Amino acid sequence: MVKQVYPRVEINLQYLKENVAEIVRRCGEFGIDIAGVIKGTTGIPECAKMFEEGGAKIIASSRLEQIEDAKNYGIDLPYLLLRVPMMTELAEVVRLTDISLNSEVKVLKALNEEARKQDKKHKVILMADLGDLREGFWDKDEMVDAALMVEKELTNLELAGVGTNLGCYGSIEATSDKLDELVAIAERIEGKIGRTLEYISGGATTSLPRIINNDMPKRINLLRVGEGILLARDLDVFYGYDMSFMHQDVYTLKAEVIEVKDKPSHPVGKISIDAFGHTPEYVDRGIRKRALLGIGKVDYGSIDEIFPKDKGIEVIGASSDHTILDIEDAERNLEPGDIVSFGINYASIVYLTNCRNVQMIFV
Ligand SMILES: *Cc1c(COP(=O)(O)O)cnc(C)c1O
């Protein structure tokens, strides 16, 4: 096996645990449990463990292989599948998870059959689409009927509750009005089944503002939080919330300099297309000092999603395996073998933690 030292992502597990504990504590004050969502960090078991130690009540992911890894690592919490299941993965859903989010009657029936085969009781949370237009029942009468069917006919399923997801496709904000709609659906179902639902799951990181603003509808009792714990950047950058009570530097990307030279800033010759078939704008700033890094778009996605920690360093471009920095105004002198650090966000962490040539180092 090749021994590669860089690029690497350094993960501060103590900070991660403290972030989990902080969100668990704040939501706990509102009677809300946290399902810790590990998909943003590709389910790295050491990170999943911090969700357990920080007080999350459930471990959640959209991907079964991450759930299997966490279980094998010995994390002893209920497991929740976030992506509504594929028909072809139901046996594994029942084997590996305790709860799944669902939106299709056909799938619920097959899931019940599979749970019967495995002699298990599997919990389901029915998803309501409140306008974000990804998964979930759009017709709420159909949703109530499905809930009644689960309750009365699908004896190997347990109707654990209802949930919704906002701010993913349709960019719809998780306002208290939207979450009131979810509570109303839950109460309609409760009226018909004559008991209280275990969970009313009011969304993801994008629902945390309701905690911060103190306007979360009372009956919401479960949030599924990933980004707001792992990075705590989105609410800060996109919504303007002061998230300084969280560690925003759990993850640090480090890459190695492989070339430093003075070169023109405008390409020399006939311009056609770059490595990905595009023609970016090249600004002519004359001869500039630049550094080349041994990391590229294959590792992190887009240069807009990595943020140099050094003042005066600018990312000016990249191809699959190379990243080009303008270091003319850098405060330190770089040479081959030096290391440059970056903050990352959700759009880059998902690639970096998935990339087998990027080392994960726990600090
Ligand atoms: C990804 C996901 C979450 C967690 O989202 P974050 O923004 O990381 O908090 C919650 N629920 C569902 C259904 C998801 O797919």
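All figures in this text were calculated on a predicted structure; none of them were measured in a lab. All heavy atoms count here, side chains included; hydrogens, waters and symmetry mates do not. Whatever order the structure lists them in is the order used to number ligands and atoms, beginning at 1.
Protein residues with a heavy atom closer than 4.0 Å to ligand 1 are V37, K39, L82, L101, R134, E135, N165, A204, T205, R224, V225, G226, E227, listed by chain and number.
For I303, the side-chain contact (heavy atoms from CB on, under 4.5 Å) test picks out Y300, V315, A318, with sequence neighbours left out. By the side-chain hydrogen bond (donor to acceptor under 3.5 Å, both in side chains) test, T164 pairs with no residue at all, sequence neighbours left out. Residues forming a side-chain hydrogen bond (donor to acceptor under 3.5 Å, both in side chains) with R83 (at least two apart in sequence, or on another chain): none.
At least one side-chain heavy atom of E158 sits less than 4.5 Å from a side-chain heavy atom of E198. In this structure, the side chains of Q14 and M50 stay at 4.5 Å or more apart for every pair of heavy atoms. At a threshold of 4.5 Å between non-hydrogen side-chain atoms, the residues I295 and L253 count as touching.
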